[in-house]
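These notes concern the structure reproduced below.
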Amino acid sequence: MSMFRIFDVSGSAVSAQSQRLNVVASNLANADTVAGPDGQAYKARQVVFQTALMDAGGDPASSAGVRVSTVREDQSPGRRAHEPNHPAADAEGYVTYSNVNPVQEMVDMISASRSYQNNIEVMNTAKNLLQKTLQMGQS
């Protein structure tokens, strides 16, 4: 595998984790929302990753990266609270909130952030190795 393929593989992971961080941020922003005008509460979203083969022009030692295949909605029911004075309460006095679990979202955010940072570190290390290789040729 070419040294430059490392940038493709790590770059795909950085891009995928960036999308994951955006989805987590959206989920956290909507954690305490109630049902909207359509009567439906916000549904938490999760990123689904898929292996992405990096085309190496027929190279049998081609590498694999990652990509976001879909962003799916969590179909679990939202939290219901009895608040009869709330403007969004139903006929029984219950308000339906989003199904976002803020604790789980924070765990996902930490995981995605660390993965993002690790892949940036891989790219920085590969860059430093390439620079040292070039410097060896100058001596």
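By convention here, the first residue in the shown sequence is residue 1.
For Y94, the ring-ring contact (aromatic ring centres under 6.0 Å, His included) test picks out H82, with sequence neighbours left out. Taking the salt bridge (Lys or Arg N to Asp or Glu O under 4.0 Å) definition, one finds that D90 meets it with R80, sequence neighbours left out. For V48, the side-chain contact (heavy atoms from CB on, under 4.5 Å) partners at least two apart in sequence or on another chain are S69, T70, R72.
With rounding to the nearest 0.5 angstrom, the CG atom of N101 is 11.5 Å from the CE atom of M106. In this structure, N119 CG and S12 OG are separated by 7.5 Å, a value rounded to the nearest 0.5 Å. Annotation: the span from D32 atom CG to Y97 atom OH amounts to 7.5 Å, rounded to 0.5 Å. Note that the CZ atom of R67 and the OG atom of S15 stand 11.0 Å from one another [nearest 0.5 Å]. Distance CG/L130 to NZ/K132: 12.0 Å, rounded to 0.5 Å. Note: Q131 CD to N128 CG = 5.5 Å, rounded to the nearest 0.5 Å.
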| message | Let's go through T96 and Y42 carefully: what are the C-alpha distance in whole Å and the side-chain angles of both, what is the deciding distance for side chain to side chain contact (heavy atoms under 4.5 Å, CB included) to 0.1 Å, and is it a yes or a no? | response | CA-CA 10 Å; T96 302; Y42 178 85; over 6 Å; no
Listing, residues 107-117 side-chain donor-acceptor contacts under 3.5 Å, not counting sequence neighbours, or none:
| residue | atom | partner | partner atom | Å |
| --- | --- | --- | --- | --- |
| D108 | OD1 | Q104 | NE2 | 3.2 |
| S111 | OG | R20 | NH2 | 3.4 |
| S115 | OG | Q17 | NE2 | 3.4 |

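By the rule that hydrophobic residues join a cluster once side-chain heavy atoms approach within less than 4.5 Å of another member, L21 and I120 end up as members of separate clusters.
Grouping Ile, Leu, Val, Met, Phe, Trp and Tyr residues whose side-chain heavy atoms lie under 4.5 Å apart, directly or via other members, leaves L53 alone, with no other cluster members. If you chain together ILVMFWY residues whose side-chain heavy atoms come under 4.5 Å of each other, F49 ends up grouped with V23, V47, V66, V68, V71.
Between the side chain of S98 and the backbone N or O of A31, at least one donor-acceptor pair lies under 3.5 Å. Within the 3.5 Å criterion, the main-chain N or O of S76 finds a donor-acceptor partner in the side chain of N99. S18 places no side-chain N or O within 3.5 Å of a backbone atom of V14 that could act as its donor or acceptor partner.
Side-chain atoms of E105 and N27, non-hydrogen and from C-beta on, do get closer than 4.5 Å to each other. The closest side-chain heavy-atom distance from N22 to S26 is not below 4.5 Å.
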